[in-house]
Amino acid sequence: MKITKPLSTCVVLTMLGISAGCSYPSKEKNEDETSPAKVPLIRIVANSLGMNFPAGMDANHNPYLAYIEKNTGMEVNVTLPPLNGYDDKLNVIMTSGEPPDLLNTANPSWFINFVNQKALTPLNDYIDKYGANLKAKIPKEAWDNVTVNGQIYAIPSVNEVKGTEIIYARKDWLDKLGLQPPHSIEEFTAVMKAFAERDPDGNGIQDTYGLSILERLGRTSPFLGAFGAQMNAWYERDGKLVYSGILPEMKQALTYMNSLYEQNILDPEFPLNKIDILGEKVARGKIGLYSAAWSDTRSHIEQNRKSDPTAVWIPLDYPTGPDGKHGVYSTSIVRSYNVVPVKSQNAAAVVKFLDFIAGPAQNTLKLGFEKEVWTQVNGKLSIRLDEHIKQAYRGIYGALVDTIDRDLTRKRLDGLGEQFRLYENLQRIDNNLMQNRFNGPPTPAMGKHQVKLSKLQEETFTRIIAGMSPIDEFDVFVKNWKDAGGDEITGEVNEWWRQSGK
């Protein structure tokens, strides 16, 4: 089984259509090009989030961007690189002769790498002058995450949710096989084995999975949590912070996941499972238990219910491991980083643009246009799901500077359909979080080493689970991780820990 290697630079250049320099989409000009009162222009590179546009629209021609431009008095040119290799494409754009005014990334290592290169504009003065809404709505912890040596190098988008994963299972399959909802990790194993072997869908073919996960060990959090570890987290041990990926608890978790693979309980195709592939398996009724995203009840799970009216899905308790541990990973306070390259002359306009999104535009970009997408009666939102889905692309702009409004979140999620249990799912996750104790800005060594360390971890863990390497390979990984920059990162993380007084 092969692990796909990152795209080469030449492939990235080809996909972007870049040879020397960087090109950006153009818009038809309505104003006279010779007019002395030109509209300010900013060029931004954003994440498409996998969104699609209605027919006749694109990232630069749609009502939501028109709404932003009208209210900011700016012209905004938007580039949406393909999601595959997104940060590699940002690297190419950053090293081009004419980088844009704003780039958005969710990768903290990418962010700190360009801070280290002194390639990003400090934004303190611009935020003080033009960012009243940003300062009011973004919490201090998020600002701390983008501040290096007293300088703010990004405007953070804040994670609206504290965690993502929650286990859902087919209650109709449990009932058919005479099983109770599981609690301990042993009970989960028994249920998953039955789902894989005892024909729960009744089609006479052994074609269902006991458990399916994503590539790079995505959607494993509850099972890792049963052994007291999560991916890419830092935990306190004897007064110091230790990386979760090298703990004995992670070795236990990998041993367990490998046992599922060896028993034909775990989907053997997991190294190839991107989110759309996993979702399609759920929708087709090939999976009866998995670690869902909190919003899957109105996507993949709902698609399965529509195709199979007998399907009944319920949330399960998180599996409890041999030492009584359980839980799921906690998300970082920062969802993504908005940075301004030093070559840009438009930092002030970028901050004004993002301040509008965080302030007056926030509700419109979260909910959609009133009366088109939603109405409010007696304090409750009524959402037209067809229009909500059709206009979901607005999230591309809103996600640039997401903020937290718990009351609005609850109203919005309930308005999407209380039967989906969206807000209830978030509460269940919040009550079972395993807190990552490192919540400072990415360290300089992370910028130097994190990409190769992440690749080393992903490849090693995948090979161990798939039985391609013995479990003792974990001990080799620990040594290699430390030698390849992990010890340097650990030193910086603990210096942050010491200085923070925690």
TODO: Apply side-chain hydrogen bond (donor to acceptor under 3.5 Å, both in side chains) to the pair S212 and N273, showing each step before the final yes or no.
DONE: CA-CA 9 Å; S212 192; N273 279 349; 3.0 Å; yes
Give the intermediate values and the outcome of salt bridge (charged side-chain N to carboxylate O under 4.0 Å, His left out) for residues D475 and K479.
CA-CA 7 Å; D475 302 318; K479 182 180 185 304; over 6 Å; no
key: From CA spacing to verdict: side chain to side chain contact (heavy atoms under 4.5 Å, CB included), Y393, L49   = CA-CA 9 Å; Y393 68 86; L49 308 176; over 6 Å; no
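For Y64 and T364, the side-chain atoms include no donor-acceptor pair closer than 3.5 Å. For the residue pair E492 / T443, a side-chain donor-acceptor distance below 3.5 Å is found, with atom types taken as modelled. Side-chain N/O atoms of N363 and E370 include no donor and acceptor closer than 3.5 Å. Defined by atom type and a distance below 3.5 Å, a donor-acceptor pair is present between the side-chain atoms of N425 and Y168.
Taking the six-membered ring where the residue is Trp, Y337 and F111 present parallel rings, their angle staying beneath 30° rather than reaching 60°.
For D238, there are no salt bridge (Lys or Arg N to Asp or Glu O under 4.0 Å) partners two or more places apart in sequence or in a different chain.
Among residue pairs with one or both ends in residues 441-452, those qualifying as salt bridge (charged side-chain N to carboxylate O under 4.0 Å, His left out) are K448-E488; sequence neighbours excluded.
Taking 4.0 Å as the cut-off between side-chain N and carboxylate O, D402 and K366 count as a salt-bridged pair. Using a 4.0 Å cut-off between charged nitrogen and carboxylate oxygen, R305 and E302 count as a salt-bridge pair. K171 has a carboxylate O that lies under 4.0 Å from a charged side-chain N of D175, or vice versa, which qualifies the two as a salt bridge.
Residue N258 comes nearest to I464 through the heavy atom pair ND2-O, 3.1 Å, listed as atom of the first residue, atom of the second, then distance.
For the ring pair (Phe, Tyr, Trp, His ring centres under 6.0 Å) test with F438, the passing option among Y243, W496, Y235 is W496; the others fail.
F477 has its ring centre less than 6.0 Å from the ring centre of F461.
No donor-acceptor pair closer than 3.5 Å links the side chain of R421 to the backbone N or O of T297.
Note: T403 OG1 to D405 CG = 7.0 Å, rounded to the nearest 0.5 Å.
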